[in-house]
There are 2 protein chains.
Amino acid sequence: MKRADSDLNVAREATSLRLLVEKRLRTAIGDGTFKPGQRLIERELCEQTGVGRTSIREALRQLEAEGLVDTVPHRGPVVSTITADEAEQLYELRAMLEGFAGRECARKRDPQILARLRKQFEIMGQVARQDDRSDLLAAKTEFYAAMLEGCGNVFVQRFLNMLLNRVTLLRMTSMTQKNRIDHSLKEIETILVAIETGDVDGAERACVQHIHNAAAIAVAALRKNEATAANESKIR
Amino acid sequence: MKRADSDLNVAREATSLRLLVEKRLRTAIGDGTFKPGQRLIERELCEQTGVGRTSIREALRQLEAEGLVDTVPHRGPVVSTITADEAEQLYELRAMLEGFAGRECARKRDPQILARLRKQFEIMGQVARQDDRSDLLAAKTEFYAAMLEGCGNVFVQRFLNMLLNRVTLLRMTSMTQKNRIDHSLKEIETILVAIETGDVDGAERACVQHIHNAAAIAVAALRKNEATAANESKIR
DNA sequence: AATGAGCATATTGTCAGACAATCTGTCAAT
DNA sequence: ATTGACAGATTGTCTGACAATATGCTCATT
C-alpha cells in the first residue's frame, strides 16, 4: 500500500465480472439470501447472475479461500457453517487482532481516523433507538473499518476483514438482545475514549472485552442451537 | 475437525487437478523457481503443467486470495513482492500469532505435540552443522507445524500458514547468516523448554522474541536491497 | 533528440459446448 | 432390512473462440 505524496491516486477500479460476482455472492451470503449449509449450484448461479460458469467458478474459488464457502469434491460448494467451538476460536482470534488494532490506533492517534471513529459513534447514538437495526449495523461496520485502517498493518486489516465476513454468518446473535445494544454502545464508547486519550493499554483491553462479551452471547446461542439440532436428529 | 474413535479415517484425498496445480505453483514460488515480481503467463503455465487454462486460472485465484500472487487486470498475475514496511507488518502479526500458539501449547501440553516438538528440535541439532541447510529448514518447518496444530485454533493455524507461505518469499534472509543458526537454535530451545514446563508467559515471550530477531535481520536486508535498487534506478 | 500518434501484438477476460468422473437417490432383488 | 445396480444430477476439465485491454514499436513531427 503505497501512498502518493499528494493524493491523486487513480485507485485502479479493477472491475471484472468475476469481481462483481464475488462481491455479489459475498453480500448474498452476508445478508442471509444464501443460508449456511445451503448448496450453491453452478448452473443456478449462472442463471441468477447471467454470467458464464468460468466467472462463477473463479469467484467461488476466491470465496473458498476466504472460508466463506466449503467446497466438497464433486459435490460443489456449500455456504460455510460454523460450530460453536469454531466460533469460539474465531472470536478468540478476533479479540486478539482487534485488541491490536485498538492499541495501534491509540498509539498513532491519526486525526483523520479519530474523526471518523467519533462520527460513527455519534451516529450510533442517534439511530440506536430505531427498530430497524440496519443503520446501527452500518455505523458499527464503519466504526470497525476506521479502526482497521487506523492500525496501519495491512495484514491485520486483511485478516480481520476475513473474520468479520465470517462473523456475519452468525447474524442472529449479539445484537438481537435488546439491552445488549446499550451495553454494546457503552463498550464502544470506552474504546473510543481510550483511543482518543492515547491510552494504549486501555484501548486494547476495551476492544478485547468488547469482543469477549459479544462472543459469549454468540457462542451460547450457537451451543443451544446445536443441542436442539442434535436432539431433533435423534428423534428422527 | 472431527475425529473418529478408532482412526480409520480415509481423509478424503481431495485430489483434483487444480489442487495439484495449486500445490505445485506454491512450491515453485516458495523454492524460488518463480521469483518475486515475475509474471506468470497462463499459456506458459499450461504448457509447463500440461493442464488446461481452466484449472490454471482457478488455482491462480486461490493463490491470489492467499496473497502469493498479485493479479493486475488485463496484465495477469505476478509473484508478489513485499516491501520492507510490509515485511515489518507481516512479522509483527506473525509474532503475535505465534506467541499465542506458543502460549496455548504450553497451556495444553498435549503429549503428542510435545513429542513432535522435541523430536524436531533434536533433528535440528543433528543437522545444524551440515552445509546443506534444507534438512534444517525442513525440521524447522515441522517444528512450526506441530506448534500450530498444538494451539488448537483453526483460524490461527490457517492464518499463520498463509503468513509462513509469504515469508518464504524472503528466503535469502535470516538463515543465511552463519552464527544466526546457533542463536536461532537457542531461541527454539527456549521455546521448547517453556512449553514443556508449562510456562505459558515464557513460551509466548520466547516465540515473540524469536520472531522479532528473525524480523530484524530480514527487514534490514530488505531495506538495504530497496536502497540500492532505488539508487540504480536513479542512475538509469 | 525528444514527443506524440497510431498501429500491431500479446495476453487476459469471458463465453459456449462438450464429455468423463463422481456423487446421490431410487428401486428392485434377496 | 440389506444389498446391488441403475439413472440423473453436478462437478471437473478441455477446447476453441472472440472481445477488451495493455504494451511496445514505428514513424512522422517538432
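Everything numeric here is computed off the predicted structure, so don't read it as measured data. Throughout, a chain's letter reflects where its sequence line sits, starting with A, and its residues are numbered from 1.
Taking atom CD of A:Glu22 as the reference point, atom P of C:dT14 lies 12 Å away to the nearest angstrom. Rounded to a whole Å, the CD1 atom of A:Ile41 is 12 Å from the P atom of C:dT24. If you take CD of A:Glu42 and P of C:dG17, they are 16 Å apart, rounded to a whole angstrom. Atom-to-atom, CD of A:Gln62 to P of C:dG13 comes out at 12 Å; the value is rounded to the nearest Å. Between the CZ atom of A:Arg57 and the C1' atom of D:dC14 there is a distance of 12 Å, rounded to whole Å. Distance CD1 (A:Ile56) to P (D:dT11): 11 Å, rounded to an integer number of Å. Here the P atom of nucleotide C:dG13 and the CZ atom of B:Arg61 are 6 Å apart, to the nearest Å. Across the protein-nucleic acid pair, B:Leu17 atom CG and C:dA21 atom P stand 13 Å apart, rounded to whole Å.
Contact annotation: A:Ser55 side-chain N/O to C:dG13 OP1/OP2 distance is not under 4.0 Å. A:Arg43 has no side-chain polar atom (N or O) that falls below the 4.0 Å cut-off from OP1 or OP2 of D:dA9. Taking side-chain N and O atoms only, A:Arg75 has no distance below 4.0 Å to OP1 or OP2 of C:dT22.
If you check C:dC15, C:dG13, D:dT15 against the side chain of B:Thr54, the one that comes closest is D:dT15. Comparing C:dT14, C:dT12, C:dC15 by their nearest atom to the side chain of B:Pro77 picks out C:dT12. With D:dT21, C:dT14, D:dT13 as the candidates, the nucleotide lying closest to the side chain of B:His74 is D:dT21.
A salt bridge does not link B:Asp31 to B:Arg26: none of the charged nitrogens lies less than 4.0 Å from a carboxylate oxygen.
Counting any heavy atom pair closer than 4.0 Å across all strands shown, A:Leu60 reaches no nucleic acid atom. Using a 4.0 Å heavy-atom criterion, one finds that A:Glu58 contacts no nucleic acid atom at all. Among the atoms of the strands shown, only primed sugar atoms or phosphate atoms (P, OP1, OP2) are found under 4.0 Å from some heavy atom of A:Leu40.
With a 4.5 Å cut-off on side-chain heavy atoms, B:Glu88 and B:Leu222 do not count as touching.
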Begin from the C-alpha positions of A:Arg39 and A:Asp70 and carry the test salt bridge (charged side-chain N to carboxylate O under 4.0 Å, His left out) through to its verdict.
CA-CA 10 Å; A:Arg39 283 183 67 181; A:Asp70 284 336; over 6 Å; no
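Judged by atom type and distance alone, B:Arg53 does not reach the base of D:dG16 through any side-chain donor-acceptor pair under 3.5 Å.
Comparing B:Gly50 and B:Arg39 against DNA chain D, the residue whose closest nucleotide sits nearer the 5' end is B:Gly50.
Both cation-pi conditions hold for A:Arg94 and A:Tyr144: the charged atom is under 6.0 angstrom from the six-membered ring centre and inside a 45 degree cone around its axis.
Looking only at distances, a side-chain donor or acceptor of A:Ser80 sits under 3.5 Å from a matching main-chain atom of A:Leu68.
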